[in-house]
Amino acid sequence: RLGKDPTYGPDFVRPPYKLFGYLPEKLDMKEAALRYIQETISKKLAVFPLRFVFRMDDDGKFRKIIEPTSLLSAMWYQFYLALTGEIRLRRCSICGRWENMEGHRETWKKHANCANYGRVKLARLKKKLRKRSLED
């Protein structure tokens, strides 16, 4: 996708190059991809903006709250938080959906429902195998 964009070039670390006829090193492509992601997030958040609101706590202290204006702005903001490391995401080993690790232990690997499904499935399989071994 970067090679098809004639206006884009990895000019942020090394001297500017045009992608046509230039064979970049692997480091250049990684930097170019990261820059492209950065620019894409900035463009998307400009189209789908966030709203900054100041609210007062029960203690009388002001807090800054970031509110998305749409579902797309919420998704791009969450992607931004994941890339900057402000939130940690991990995939469930059974269903493959992403989960925010806030409030979970470090060894978390699967959702409670997914883990229960796996245990029930294993128990049924063992019961079925026991039944077959008794019949033989």
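Position 1 is the first residue of the sequence, and the numbers go up from there.
- Two residues are said to be in side-chain contact when any heavy atoms from C-beta on lie closer than 4.5 Å; F48 and L71 fail this criterion.
- Residue pairs that meet the salt bridge (charged side-chain N to carboxylate O under 4.0 Å, His left out) test with at least one member in residues 66-81, sequence neighbours left out, are R51-E67, R55-E67.
- Atom CZ of R130 sits about 10.0 Å away from atom CG of L125, to the nearest 0.5 Å.
- Hydrophobic clustering (side-chain heavy atoms under 4.5 Å, transitive across Ile, Leu, Val, Met, Phe, Trp, Tyr) groups V47 together with L72.
- With sequence neighbours left out, the side chain to side chain contact (heavy atoms under 4.5 Å, CB included) criterion links L50 to L45, I66, P68, S73, Y77.
- Hydrophobic clustering of Ile, Leu, Val, Met, Phe, Trp and Tyr side chains at less than 4.5 Å, counting indirect connections, unites F52 with I41.
- Residues K126 and L122 are in side-chain contact: their nearest non-hydrogen atoms beyond the backbone lie under 4.5 Å apart.
- Other residues, nucleotides and ligands contribute only 12 or fewer heavy atoms inside 6.0 Å of the OH atom of Y80.
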